[in-house]
Structures are given as structure tokens and as C-alpha cells.
Amino acid sequence: MARESILGHCNAVNQTELTELVKDAAIDCGFHAVGVAEAVPLVDPINRYQQWLDNGYHGMLQYMERNVDVRADVTRMLDGAQSVIVVAMNYYTDHQHAPEADGKISRYAWGDDYHDIMRPMLNTLCERIDLLVPGSTSRGVVDTTPVLEKEWAVRAGLGWQGKHTLVLRRDIGSWFFLGIVITTAKLVPDRPMDEFCGTCTACIDACPTQAIVQPNLLDATRCISYWTIEVKPEHQMPQEIVNGLEHWLFGCDICQEVCPWNRFQQPTTEPSFQPRFNVLSISPASLVDLQQADFVERFRKSPLKRPKLAGLQRNARTLMGEGAKDYGDYEHD
Ligand code: B12
Ligand code: SF4
Ligand code: SF4
């Protein structure tokens with residue numbers, strides 16, 4: 001009989017042991033790191049989040065304005081939640097953009113869409129927890145729900161929040177996705193990790209559009225990632241963004257590429273994150289005339305589907321010097 005089904009019927013397992021078994025299960029499911037936080041209401045982070053919204057830093061991401069009360073309290077996502085398990089999934093591969101690449105795709109989007117990869121893995125982890133803690137309920141989420149994933153990752157000791165606002169750790173830097181399992185199982189929480197940004201400001205200094213307005217504070221409306229992935233195709237980029245694009249066609253990795261902790265990156269063990277054909281050397285000109293059927297075929301299962309063909313073409317045209325527009329209301333000051 002498997003160790004966990006024996007434990008499922010054994011009352012003698014203590015909470016520390018159970019927590020270790022759940023963490024082992026997470027690693028078994030294919031995640032690269034795991035931590036646990038207590039499912040308490042978030043007070044300071046939600047005040048800072050609200051301040052961020054009040055400053056208009058979310059721009060056109062209207063979904064960020066909704067469900068703030070749910071973001072403040074994970075028990076609104078799962079009744080009786082006791083613990084938040086946070087997992088990290090490394091997506092770094094040992095490849096680089098081709099030197100001649102004039103349409104760069106950010107690293108996270110080189111392979112298959114992480115939502116599609118991680119959701120079934122999180123579901124498997126929920127099933128494993130169900131075996132370990134009979135009667136418990138668990139819910140796995142990644143990215144698209146009103147959960148402050150980075151805040152939970154910090155609380156779960158998975159890493160610290162860098163000045164670029166992403167979560168990073170000393171062993172694999174920041175090239176990882178976050179996934180969350182909210183569970184009614186009571187587990188032993190981890191302690192937050194010390195932070196190791198120190199006096200470094202490399203990410204702030206390197207950001208070509210000054211999107212990191214102060215350490216740990218990002219104005220999304222100045223971020224290349226926001227403009228090239230999230231903003232609908234009918235909106236043209238402000239000239240300030242266009243001037244800073246530095247060949248980024250989809251997303252942006254500059255603040256991560258300059259981070260000294262990303263020298264310790266390790267290649268992922270997940271084959272689906274290997275770069276698909278041609279993704280390291282896409283030329284914007286090749287996208288301008290791309291037909292919908294070819295787009296669907298070429299970017300099947302890819303995160304590049306998100307902005308749709310029209311969004312990618314807006315980005316391609318902008319890189320080619322067409323379509324920029326100066327917005328009078330761009331400044332937030
Ligand atoms: C909205 C969003 C975006 C927006 C806004 C980014 C942002 N920094 O919030 C845009 C479109 C710009 C974006 C871009 C990217 N994203 Co994104 N995004 C999200 C999403 C859906 C919500 C994040 C959120 O709630 N933001 C709101 C702001 C207010 O949160 P925050 O910056 O953490 O704010 C806190 C700090 O500012 C802090 N704070 C404020 N003042 C101070 C002062 C001090 C001293 C301190 C310590 C803290 C502090 O308090 C705030 C509240 O906790 C999450 C998934 C999720 N559900 O959480 C993914 C997520 C954050 N994105 C992710 C990724 C990979 C990216 C990109 C790298 C993709 C790319 N290559 O283009 C870029 C990175 C850009 C960057 N430098 O952040 C990953 C990050 C993984 C990681 N290792 O951290 C996530 C977690 C998705 C996932 N499941 O893996 N993203
Ligand atoms: S992703 Fe690019 S634009 Fe956004 S904060 Fe980082 S360096 Fe700046
Ligand atoms: S570049 Fe420097 S300041 Fe920015 S996250 Fe990395 S260590 Fe921290």
C-alpha cells in the first residue's frame with residue numbers, strides 16, 4: 001500500500017510530518033519548490049494594492065479593480081481554508097534569443113502555455129492532499145483568479161519580492177511561475193525568506209520605460225509587458241513606450257535579465273517549456289501579413305495566443321515604426 005494511503009488512515013501522523021508529505025507530493029507532481037503559509041486575511045498588502053489601484057497603475061486592466069475583498073481573504077475562494085500552498089515552476093531553458101532577433105518574445109512564452117501545464121499538475125496535487133488528509137478540500141489556481149500570488153509566495157518562504165516586484169530566490173533566480181493550492185488542511189507554515197536585493201538597483205536602472213517607479217512598485221502602464229501582452233489591439237502605444245521597446249514584440253525580460261541572482265538559474269526539467277520552432281528569431285515583418293489560420297496553427301498552445309493575431313500585429317507594426325501615438329494623459333504624476 002502506498003505510504004500516503006496508509007497515512008490517510010492513520011491518526012498518529014502529526015502536522016509537521018503531514019506538511020512534509022504534502023511538500024513531497026508537490027515535488028513529485030513536478031514543481032520545483034514549495035512552501036506553506038497560513039490562510040489569514042491580508043491587511044497591509046491589500047491597503048498597498050488599493051493604493052496601487054488608486055494611483056491608476058493598473059491602467060486598462062479593469063479586472064484588477066474587481067474582487068478586492070476576495071484578494072484580501074482566501075477563505076472567499078475556499079470556505080474553511082486553513083493553509084495556502086505555493087509552488088514554483090522553473091521555466092528557464094538554456095537558449096537565448098538569436099543575435100539578429102528584432103522581434104523578441106519573453107522567455108516565459110517560448111514553450112507551451114504555463115496555465116495549461118500547471119492546472120492539471122495542481123489538480124493532481126489537490127488529489128494527493130485529499131488522500132493524505134481525508135475530508136479536506138483543496139483548490140488549485142494559477143494566475144487568473146483574484147489571489148495575490150506573489151504576496152503568498154513571500155509569506156510561504158518561497159522567495160522574496162525583488163525591487164522589480166517579481167519573486168526570486170537564490171537557487172533559481174526569478175525564472176519561475178507561481179501556482180497556488182488553497183486547502184482546508186491545516187499545515188505548518190514556513191517562515192518568509194530573508195531578502196537579498198541589498199543595495200542593488202540593476203532592474204530599476206535597466207528598465208527602458210522607467211516602469212519601476214520606486215523599489216517594489218511597478219506602474220503597469222509604463223511596462224512593456226503590459227503594452228505588448230495585455231492592451232487590446234485597438235490601442236496604440238504611447239511614444240514613450242515605443243521609444244523604449246528595444247525589440248520586444250511580446251512581453252519583456254529586461255529587469256530579469258540584469259538581475260544578478262539570475263546567474264544561478266537552472267534549466268527546467270519540464271519539456272513543454274522548450275522553445276518552439278522559430279520563437280527565438282521572429283521578425284516583426286513576418287507577422288504583419290500572417291493569416292489567422294497560420295497564426296492558429298503556429299501558436300497552438302502558446303501564450304502568444306493571448307493578444308490574438310491583431311495584438312501581435314499591432315506590436316509588430318509598432319516595432320517597424322508604424323502606429324505610435326502620443327497620449328496626453330500618459331503621465332500619472
Ligand atoms: C497583473 C499582472 C501583471 C501586470 C502587472 C505586474 C505587477 N508587477 O503586478 C503586468 C502585465 C505588467 C505583468 C507583467 C509581468 N508578469 Co505578471 N502578473 C500579474 C498578476 C495577474 C497579478 C499581479 C498583481 O496582483 N499585481 C498588483 C500589484 C499591486 O502587485 P505587486 O506589484 O506585487 O504589489 C505589491 C508590492 O508593490 C508591494 N509593495 C508596495 N510598496 C512596497 C514597498 C515595499 C518596501 C515593499 C517590500 C513592498 C511594497 O505591495 C503590493 C501588494 O502586495 C500575477 C498573477 C497573480 N494572480 O498574482 C502575474 C504574475 C505576477 N506575472 C508573472 C510574470 C512572469 C510576469 C512577467 C515576467 C511576464 C513577462 N516576461 O513579460 C512580467 C514582469 C513585469 C514585472 N516587472 O512585474 C508571474 C511572476 C512570477 C514570479 N516569479 O514572481 C505571476 C505571479 C504569474 C504566475 N502565476 O506565475 N503582470
Ligand atoms: S518587464 Fe520590462 S518594461 Fe516591465 S518593468 Fe521589467 S524591464 Fe521594465
Ligand atoms: S536586479 Fe537587483 S534589485 Fe532588482 S530584483 Fe535583482 S537583486 Fe533585486
Side-chain angles (χ1 to χ4, degrees), residues 33 42-55 57-61 63-64 67-68 71-72 86-92 104-110 114-115 118 122 141-155 158-170 172-180 192 195-231 241 244-246 248 250-263 303 306:
L42 303 175
V43 181
D44 289 349
I46 278 301
N47 292 339
R48 293 195 301 258
Y49 181 86
Q50 189 58 54
Q51 185 65 54
W52 189 76
L53 293 176
D54 294 346
N55 285 337
Y57 288 155
H58 61 306
M60 292 180 247
L61 300 178
Y63 68 88
M64 305 286 292
N67 297 315
V68 176
R71 283 173 220 270
V86 188
V87 292
M89 180 133 193
N90 178 2
Y91 61 86
Y92 182 81
K104 290 185 171 181
I105 307 294
S106 58
R107 208 169 250 290
Y108 90 89
W110 290 356
Y114 68 99
H115 303 91
M118 289 176 69
L122 289 165
V141 297
V142 48
D143 190 46
T144 54
T145 58
V147 171
L148 289 181
E149 294 176 349
K150 293 183 285 181
E151 176 63 29
W152 286 110
V154 170
R155 285 172 178 246
L158 209 75
W160 76 95
Q161 194 162 9
K163 291 178 188 171
H164 49 24
T165 77
L166 297 164
V167 179
L168 69 162
R169 28 189 302 135
R170 289 194 291 176
I172 53 171
S174 61
W175 303 113
F176 57 84
F177 301 117
L178 293 173
I180 304 274
E195 70 104 345
F196 292 93
C197 281
T199 56
C200 174
T201 55
C203 51
I204 301 176
D205 303 340
C207 174
T209 49
Q210 291 82 48
I212 308 167
V213 290
Q214 66 183 63
N216 304 81
L217 192 60
L218 181 102
D219 177 352
T221 71
R222 293 174 190 239
C223 179
I224 293 167
S225 179
Y226 164 87
W227 280 102
T228 55
I229 302 175
E230 301 294 333
V231 173
I241 302 298
L245 275 180
E246 298 191 3
W248 288 96
F250 179 89
C252 169
D253 286 341
I254 296 173
C255 52
Q256 297 187 85
E257 287 174 345
V258 299
C259 178
W261 291 110
N262 276 341
R263 287 196 300 254
R306 181 164 172 81

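Quick note: residue numbers are just sequence positions, from 1. One-based numbering, in listed order, for ligands and for the atoms of each. The structure displayed is predicted, hence computed values, not measured ones.
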The protein heavy atom nearest to atom 50 (O) of ligand 1 is Arg48 NE, 2.7 Å
Do the non-hydrogen side-chain atoms of Val141 and Leu122 ever get within less than 4.5 Å of each other? no
Numbered atoms of ligand 3 (with element) below 4.0 Å of Gly162, judged on heavy atoms: 5 (S)
Taking 4.0 angstrom as the limit and counting only heavy atoms of Tyr63, give me the atoms of ligand 1 inside it, by number and element. 1 (C)
Which of the atoms of ligand 2 are close to Cys207, meaning less than 4.0 Å from one of its heavy atoms? 3 (S), 5 (S), 7 (S), 8 (Fe)
Evaluating non-hydrogen atoms only, which member of Leu218, Ile241, Thr228 is closest to atom 5 (S) of ligand 2? Leu218
Which atoms of ligand 1 are found less than 4.0 Å from any heavy atom of Thr145? 57 (N)
Note the single closest protein heavy atom to atom 8 (Fe) of ligand 3, along with its residue, its atom name and the distance in Å. Cys197 SG, 2.3 Å
Closer than 4.0 angstrom: is that true for some heavy atom of Tyr114 and an atom of ligand 1? yes
Within a distance under 4.0 Å of any heavy atom of Cys259, pick out the atoms of ligand 3 and give their elements. 1 (S), 6 (Fe), 7 (S)
Below 30° counts as parallel, above 60° as perpendicular, anything between as tilted: where do the rings of Tyr91 and Trp175 land? perpendicular
Is it true that some N/O/S atom of Cys203, main chain or side chain, lies under 2.8 Å from atom 6 (Fe) of ligand 3? no
Judged by modelled atom types alone, do Gln51 and Asn47 share a side-chain donor-acceptor pair under 3.5 Å? no
Those atoms of ligand 2 less than 4.0 Å from some heavy atom in Thr209: 3 (S)
Enumerated ligand 2 atoms positioned under 4.0 Å from heavy atoms of Ile254: 7 (S)
Numbered in order shown, the ligand 1 atoms found under 4.0 Å of a heavy atom of Pro45 are 52 (C), 53 (O)
Should one rank Lys150, His58, Glu195 by closest heavy-atom distance to atom 30 (O) of ligand 1, which comes out on top? Lys150
Under a 4.0 angstrom heavy-atom cut-off, which atoms of ligand 1 come close to Asp253? 71 (N)
Could you check atom 7 (S) of ligand 3 against the protein and tell me its nearest heavy-atom contact, residue, atom and distance included? Trp261 CD1, 3.6 Å
Can you name the atoms of ligand 1, numbered from 1 with element, that are less than 4.0 Å from a heavy atom of Cys255? 77 (N)
Select the closest option to atom 66 (C) of ligand 1 among Val154, Leu166, Leu158, Ile172, judged by heavy-atom distance. Leu166
When you measure from atom 3 (S) of ligand 3 to every protein heavy atom, which one gives the shortest distance, and what is it? Cys200 O, 3.2 Å
For Phe196 and Trp261, take the angle between the two ring planes, folded into 0 to 90°, and tell me which bin it lands in: parallel under 30, tilted 30 to 60, perpendicular over 60. perpendicular
Among Gln161, Glu151, Arg222, which one puts a heavy atom closest to atom 35 (C) of ligand 1? Gln161
Proximity winner for atom 27 (C) of ligand 1, if only heavy atoms of Glu230, Met64, His164, Gln50 are counted: Met64
For atom 85 (C) of ligand 1, closest protein heavy-atom neighbour: Glu149 OE1, 4.4 Å
Close approach, Gln214 and ligand 1, non-hydrogen under 4.0 angstrom: no
